[in-house]
2 protein chains.
Amino acid sequence: MTTQAESSSERLSVGGHRVTAPRRAILDAIARAGGPFTIEELTSRVPAVGRATVFRTVKLLQESEVLCRVILEDGSVRYQLSRGGHHHHLICSECGTVTDFSDPELDRLIHENAGSAGFQLDAHSLELYGRCASCA
Amino acid sequence: MTTQAESSSERLSVGGHRVTAPRRAILDAIARAGGPFTIEELTSRVPAVGRATVFRTVKLLQESEVLCRVILEDGSVRYQLSRGGHHHHLICSECGTVTDFSDPELDRLIHENAGSAGFQLDAHSLELYGRCASCA
DNA sequence: CTAGATGCAAACGGTTTGCAACTAT
DNA sequence: ATAGTTGCAAACCGTTTGCATCTAG
């Protein structure tokens, strides 16, 4: 069916994890969602699977770099398929959609700022909040 | 004593809030901390004050723009005296210190990126994680 | 005097964990 | 066969809330 779900389950088995029915169901639901989601939403899309398993699987998928976690302004948590590579987020406060973007010049400036503060940079996150093109 | 605590309590009374003993104790503790802190730490520094009051006061101080909230990579929450004005954070993963910086050019690029994605920007947060000058 | 603030303990919401039963490999 | 996985319910942890009491203004 969904190529995404298949490649994700491959990444699981390569990582030495079992590909079980609950996990497949969760991966399908994520692929179908097609965007950012909360654990709450994911759980309701896979009623046959226990809450704990959803949590455990999402954590596993993060570790396998299939999913990435996005923290909203209010501290609430969402997940979405990770696009891989370094990028930033445009987060729509109306529909919740998270769009990725990247800008080498932006990253250069970020490193420059860190450097001039004597700061040894490990990671950084840049989240833009507002309204996306279709909601504005 | 601390000028900071005094000016903060002024901001409270100007906002129509009472300056009570617990609130003064909390403001003192924050001023003494001199850096970012968790609710947990703050509570233990003011043993005479109830947990709920610490939470309520910290929320009040955020609304009064005395404190700002910083969310770390792992989703945990810290607070620190707000420097006012727009700025970003350098967060040391070793000692937890949060240093502010700002860069107009950086902000310009951020708005540019939002604009070219058709995104109507309300706010943004940029957090740099790594090790500060003294820890590196 | 009285609206606002406090402390306590109970409630809460999201996440995790212990455990016995199950299953992919 | 057996280590990994699951579901359930209970535990957890940070935060909020209801309520009776107290106090700054």
Side-chain angles (χ1 to χ4, degrees), chain A residues 5-6 8-30 36-64 66-80 96, chain B residues 5-6 8-30 36-64 66-80 96:
Chain A
E6 272 163 25
S8 298
S9 50
E10 259 170 53
R11 215 175 308 191
L12 277 186
S13 58
V14 166
H17 302 288
R18 291 189 187 169
V19 180
T20 64
R23 287 183 180 169
R24 244 171 314 199
I26 290 171
L27 285 170
D28 272 1
I30 290 172
F37 56 88
T38 61
I39 294 280
E40 175 66 358
E41 289 161 1
L42 186 52
T43 303
S44 68
R45 278 166 172 279
V46 196
V49 180
R51 213 176 207 60
T53 299
V54 174
F55 274 101
R56 286 187 277 231
T57 304
V58 164
K59 179 188 266 185
L60 193 62
L61 292 174
Q62 279 184 91
E63 285 159 3
S64 312
V66 172
L67 291 181
C68 66
R69 189 168 69 163
V70 183
I71 300 185
L72 268 57
E73 262 182 310
D74 63 356
S76 65
V77 182
R78 303 207 171 189
Y79 300 88
Q80 68 172 9
Chain B
E6 272 164 25
S8 299
S9 51
E10 260 170 54
R11 216 177 306 192
L12 277 187
S13 57
V14 166
H17 301 288
R18 292 190 186 167
V19 181
T20 63
R23 288 184 177 168
R24 244 170 314 200
I26 290 172
L27 286 169
D28 272 1
I30 290 173
F37 56 88
T38 62
I39 294 279
E40 175 66 359
E41 289 161 1
L42 186 52
T43 303
S44 68
R45 278 166 173 279
V46 195
V49 179
R51 215 173 207 59
T53 299
V54 173
F55 273 100
R56 285 188 277 232
T57 303
V58 165
K59 179 188 268 186
L60 192 64
L61 292 174
Q62 278 183 91
E63 287 160 2
S64 312
V66 172
L67 291 181
C68 65
R69 188 167 70 163
V70 184
I71 299 185
L72 267 58
E73 262 183 309
D74 63 356
S76 65
V77 183
R78 301 206 173 191
Y79 300 88
Q80 68 172 8

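Each chain gets a letter, A, B and so on, in the order the sequences are listed, and its residues count up from 1.
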Considering only heavy atoms from C-beta outward, does the side chain of [X] approach that of [Y] to under 4.5 Å?
X	Y	result
B/Ile39	B/Tyr79	yes
B/Leu27	B/Leu61	yes
B/Ser64	B/Leu12	yes

OP1 or OP2 of [N] sitting under 4.0 Å from any side-chain N/O of [X]?
X	N	answer
B/Arg51	C/dC8	no
B/Arg23	C/dT6	yes
A/Thr20	C/dT23	no

Atom pair distance, as rounded to whole Å: [atom1] in [X] and [atom2] in [N]:
X	N	atom1	atom2	answer
A/Phe37	C/dG14	CZ	P	16 Å
B/Leu60	C/dG4	CG	P	13 Å
B/Glu63	D/dT16	CD	P	11 Å
B/His17	C/dT6	NE2	P	11 Å
A/Leu27	D/dT5	CG	P	13 Å
A/Glu41	C/dG13	CD	P	17 Å
B/Gln62	D/dT15	CD	C1'	12 Å
B/Asp74	C/dT15	CG	C1'	14 Å

Of B/Glu40 and B/Arg24, the one whose closest DNA chain D nucleotide lies more 5': B/Glu40
Pick the nucleotide of DNA chain D nearest each of B/Lys59 and A/Val49; which residue has the one closer to the 5' end? A/Val49
Answer with base, sugar-phosphate or nothing: what part of the nucleic acid does A/Arg56 contact at a heavy-atom distance below 4.0 Å? base
Tell me which nucleotide among [options] gets nearest to the side chain of [X].
X	options	value
B/Ala52	D/dG7, C/dT6, D/dT17	D/dT17
B/Phe55	C/dT25, D/dT6, D/dT15	D/dT15
B/Arg18	D/dT15, C/dT15, D/dA24	D/dA24
B/Val77	C/dC8, D/dG7, D/dT15	D/dT15

Which value, rounded to the nearest 0.5 Å, describes the distance between A/Ser44 atom OG and A/Arg51 atom CZ? 9.0 Å
In this structure, are over 12 heavy atoms from other groups packed under 6.0 Å from B/Arg69 atom CZ? yes
